[in-house]
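Have a look at the structure below before the remarks.
Everything numeric here is computed off the predicted structure, so don't read it as measured data.
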Number of protein chains: 2
Amino acid sequence: MKSNSESMGVGSHRLSSRIRRGDVFSEDCPSRGVLLHATSRWGVLVLVALVEGMHRFSDLRRKITGISEKMLAKTLRDLESDGFVLRVAKPVVPPHVEYSLTPMGLEISGHVAELADWIELNIPKILKARERGR
Amino acid sequence: MKSNSESMGVGSHRLSSRIRRGDVFSEDCPSRGVLLHATSRWGVLVLVALVEGMHRFSDLRRKITGISEKMLAKTLRDLESDGFVLRVAKPVVPPHVEYSLTPMGLEISGHVAELADWIELNIPKILKARERGR
DNA sequence: CGGAATCCAAGATGATACTG
DNA sequence: CAGTATCATCTTGGATTCCG
């Protein structure tokens with residue numbers, strides 16, 4: 001139940017058929033930036049929200065309780081620049097802007113959603129662990 | 001406290017990518033806090049690093065380029081309090097502290113690692129998308 | 001309605017020094 | 001070695017106002 005530690009040692013990559021990870025740990029790796037956006041406080045929630053389809057700005061604002069307009073705008077801009085979110089502004093009055101996931105965005109939010117789901121599912125256990133910790 | 005725990009029911013995990021998610025969007029849901037730790041700038045990297053087994057403080061510091069002592073300490077404390085990281089301090093001089101993942105921590109870092117791997121794998125595509133955006 | 005602009009408070013982060 | 005304490009700085013996030 002804890003044999004993963006000493007049995008393999010720090011240096012012996014046991015990621016046999018897995019990806020050669022390692023670059024994320026380097027501070028100048030561009031992955032860090034993307035990871036930063038995708039796992040940012042609001043980025044996660046926006047991605048998960050958009051899994052269910054297109055949303056308008058105010059839809060997201062309502063759905064993601066507690067987010068401010070500024071942060072929602074910034075988060076959407078970041079995710080858009082990474083190619084995860086598609087922004088479509090219709091030239092009408094009043095403005096009408098639609099946000100949705102790109103194919104790439106759909107892939108990554110799958111992973112993010114799994115993470116979020118796991119946490120929600122395990123919240124009881126986590127909270128219990130926390131109490132024991134104090 | 002909240003009663004969101006049983007509200008969803010652990011057994012009701014039927015829909016593939018569409019389980020009854022929704023609580024994360026609420027700002028007072030404890031999941032938010034955990035998500036915040038697990039996806040924090042350094043939390044992600046620490047979790048991924050520990051997938052490969054036990055590390056000492058200085059191991060992590062060396063491995064995760066750019067992290068400061070303070071942030072590493074804080075990140076480890078957060079992850080420990082969530083029950084993801086196990087801290088074992090041996091009463092010797094000089095100090096010797098070992099950090100490793102708990103069973104729960106191993107699960108969550110699996111998801112986090114998948115996310116990180118996906119990003120590394122798709123970095124070329126992402127960077128290309130970025131350029132087009134500008 | 002969908003933001004951008006501005007001001008401000010709070011927290012995150014970093015560099016350095018210090019200690020058990 | 002594994003931190004903590006301190007101070008300075010940068011970023012986040014929120015509230016408000018304004019505009020097309």
Side-chain angles (χ1 to χ4, degrees), chain A residues 10 24-28 32-47 49-50 54-82 85-100 133, chain B residues 24-29 32-47 49-50 54-82 85-100 133:
Chain A
V10 178
V24 244
F25 295 126
S26 171
E27 59 182 328
D28 53 327
R32 278 249 187 124
V34 178
L35 201 55
L36 218 51
H37 290 160
T39 67
S40 72
R41 172 168 184 191
W42 303 115
V44 173
L45 298 173
V46 168
L47 285 176
L50 288 179
M54 181 272 288
H55 283 67
R56 295 181 58 175
F57 189 86
S58 45
D59 290 337
L60 291 171
R61 185 132 169 55
R62 255 189 311 278
K63 191 163 189 174
I64 304 173
T65 315
I67 194 172
S68 69
E69 291 183 358
K70 190 176 73 173
M71 278 304 107
L72 179 53
K74 174 179 166 25
T75 303
L76 286 169
R77 256 183 283 123
D78 287 344
L79 292 177
E80 189 194 358
S81 85
D82 285 342
V85 163
L86 183 67
R87 178 183 185 276
V88 178
K90 303 195 169 177
V92 296
V93 167
H96 184 104
V97 183
E98 304 189 336
Y99 291 95
S100 56
Chain B
V24 243
F25 295 126
S26 172
E27 59 182 328
D28 55 326
C29 174
R32 280 255 186 120
V34 178
L35 200 55
L36 217 51
H37 291 160
T39 67
S40 72
R41 174 170 184 191
W42 302 115
V44 173
L45 298 174
V46 168
L47 285 176
L50 289 179
M54 181 273 289
H55 283 66
R56 296 182 58 176
F57 189 87
S58 46
D59 289 335
L60 292 170
R61 184 132 167 55
R62 254 189 311 278
K63 191 163 188 173
I64 304 173
T65 315
I67 195 172
S68 69
E69 291 183 358
K70 193 175 67 175
M71 278 304 108
L72 178 54
K74 173 180 166 24
T75 302
L76 286 170
R77 256 183 280 124
D78 288 344
L79 293 176
E80 188 195 357
S81 85
D82 285 342
V85 163
L86 182 68
R87 178 182 184 276
V88 177
K90 306 197 166 176
V92 296
V93 163
H96 184 105
V97 182
E98 304 189 337
Y99 291 95
S100 56

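For A:D78 and C:dG3, the CG to C1' distance is 15 Å, given to the nearest whole Å. Going from atom NZ of B:K90 over to atom P of D:dG3 covers 14 Å, rounded to whole Å. Separating the NZ atom of B:K74 from the C1' atom of D:dA5 is a distance of 16 Å, rounded to the nearest angstrom. Look at CD on A:E80: it is 13 Å from C1' on C:dG3, rounded to the nearest Å. Between A:R87 atom CZ and C:dA4 atom C1' the separation is 12 Å, expressed in whole Å. When rounded to the nearest whole Å, the span between CG of B:D59 and P of D:dG3 equals 12 Å. Atom-to-atom, CG of B:L36 to P of D:dT12 comes out at 13 Å; the value is rounded to the nearest Å. Protein atom CD of A:E98 is 16 Å distant from nucleotide atom C1' of C:dG3, rounded to whole Å.
For the OP1/OP2 pair of D:dC1 and a distance below 4.0 Å, the side-chain nitrogens and oxygens of B:Y99 include no atom meeting the criterion. A sub-4.0 Å separation between OP1 or OP2 of D:dC1 and a side-chain N or O of B:R56 is absent. Taking 4.0 angstrom as the limit, A:R77 places none of its side-chain polar atoms (N or O) nearer than this to OP1 or OP2 of C:dG2. Regarding contacts with the backbone of C:dA12, every side-chain N or O of B:S40 stays at 4.0 angstrom or more from both OP1 and OP2.
Taking 4.5 Å as the limit, every side-chain heavy atom of A:L36 sits out of range of all side-chain heavy atoms of B:V44. The closest side-chain heavy-atom distance from A:L60 to A:L76 is below 4.5 Å. Considering only heavy atoms from C-beta on, B:K74 comes within 4.5 Å of B:D78 through its side chain. In this structure, the side chains of B:Y99 and B:D59 stay at 4.5 Å or more apart for every pair of heavy atoms. Contact check for A:V46 versus A:H55: no side-chain heavy atoms found under the 4.5 Å cut-off.
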Contact list (N/O, under 3.5 angstrom) for nucleotides 14-20 of chain C vs protein:
{"residue": "C:dG14", "atom": "N7", "partner": "B:K70", "partner atom": "NZ", "Å": "3.2"}
{"residue": "C:dG14", "atom": "O6", "partner": "B:K70", "partner atom": "NZ", "Å": "2.2"}

(Q) Walk me through whether B:K90 and B:E98 qualify under salt bridge (charged side-chain N to carboxylate O under 4.0 Å, His left out). (A) CA-CA 8 Å; B:K90 306 197 166 176; B:E98 304 189 337; 3.7 Å; yes
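Between B:I67 atom CD1 and B:R62 atom CZ the span is 13.5 Å, to the nearest 0.5 Å.
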